[in-house]
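Presented below is the structure to which this report refers.
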Amino acid sequence: MGGGTGRAPVTGDDGEAVLAAIRTRRVVRSMRPEPVDRPVLEAVLDAARWAPTAGNRHLQRFVVTDDPGVLRVLRAVSPGMLQHPAAAIVVCTDRALAAGYGFPPGAPGLFVDVGTATATILLAAHALGIGAGPVTSFSHAAVSVVLGLPEGLEPELIVCLGHPAPGGPAPMRGGRRLSWRDLTTWVPPQD
Ligand SMILES: Cc1cc2nc3c(=O)[nH]c(=O)nc-3n(C[C@H](O)[C@H](O)[C@H](O)COP(=O)(O)O)c2cc1C
C-alpha cells in the first residue's frame, strides 16, 4: 500500500512506463490541424484533477476550447503561442475561492498549483499520444474577454493540445538538458 493512502504503489513495468513517459515528454510546438477527440480531451482533464494542490483545496479551474474561431483569437493575443493548437486548456485560478480559504492574491501555493496541474496535463497528453505545450506569454485581459471568464477567475497558463506534426520551432535554448547532478546538492556533501 502507498503511504497509508490505501492505494497500491506503481511497480515493475508500470513504474518503468511512468518514468519513460516523464523522460520522453517534450513540448510540442508544431501540430496538425485535425481535432483532438473529445474523450481524449476528457481523459486529460480527468488526469488534471489528480494533481496535488495546496491544502487539497483545488482552486484551479480548467476552461477548455476546441472551437477554431476561439483558438484563432486566443493565438492572436498570445505571443508565446508558437503552435496552431487543435484545442487549448486554460488553467485558471479561482481568486474568489482562494480568498475565501484565506490565500492572499500572491500566495505561492496558488502558482505552485498551476504548475502541478500543468505538469500533469502535459504528461497525461503525452501518455495519450497527444502533443502539448504550455504558454504563459499572453494578454490576461484579452484571454479573459475571449473566454468570457467571470470576475475572479484568473487565466494563469494555456496548454495547447494537438496531434504532433514533424518539424516546428526548435527547442528553446537548444534543448539543453541538465543532469540530475547539475541540479542537486547533497547535505552533507558527497564525494
Ligand atoms: C512556466 C512555463 C512557461 C512556459 N511558457 C512557454 C511559452 O510561453 N511558449 C512556449 O513555447 N513554451 C513555453 N514553455 C515551455 C518551455 O520553454 C519548455 O518546457 C522548455 O524549453 C523545455 O522543453 P521540454 O519541456 O520540451 O523539455 C513554458 C514552460 C514553463 C514551465
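In listed order, ligands and their atoms are each counted from 1.
Residue-ligand proximity: G133 is placed with every non-hydrogen atom at 4.0 Å or more from ligand 1. The shell of residues lying under 4.0 angstrom from ligand 1, judged by heavy atoms, excludes M81.
Residue pairs meeting the ring-ring contact (aromatic ring centres under 6.0 Å, His included) criterion with at least one partner in residues 51-84, sequence neighbours excluded, do not occur; the list is empty. Pairs engaging residues 31-43 under the salt bridge (Lys or Arg N to Asp or Glu O under 4.0 Å) rule: R32-E34, R38-D66 [sequence neighbours left out].
Nearest heavy atom pair, residue V36 against residue G162, reads CG2-CA, 3.9 Å.
Distances below 4.0 Å separate heavy atoms of G80 from the following atoms of ligand 1: 7 (C), 8 (O), 9 (N), 10 (C), 11 (O). Of all atoms in ligand 1, numbered sequentially from 1 with element shown, those under 4.0 Å from a heavy atom of R26 are 24 (P), 26 (O), 27 (O).
For atom 5 (N) of ligand 1, the choice among T136, L122, L157 with the nearest heavy atom turns out to be T136. The closest non-hydrogen atom to atom 26 (O) of ligand 1, taken over V27, T118, L82, comes from V27.
A donor-acceptor contact under 3.5 angstrom links the side chains of E156 and T93, judged on distance only. Donor-acceptor pairing under 3.5 Å is recorded for the side chains of S179 and D182.
Considering backbone and side-chain N/O of V135, none are found under 3.5 Å from N/O of ligand 1. Of the N or O atoms in R25, one or more lie within a sub-3.5 Å distance of an N or O in ligand 1.
Side-chain N or O atoms of T120 include none that pairs as donor or acceptor with a backbone N or O of A51 at under 3.5 Å.
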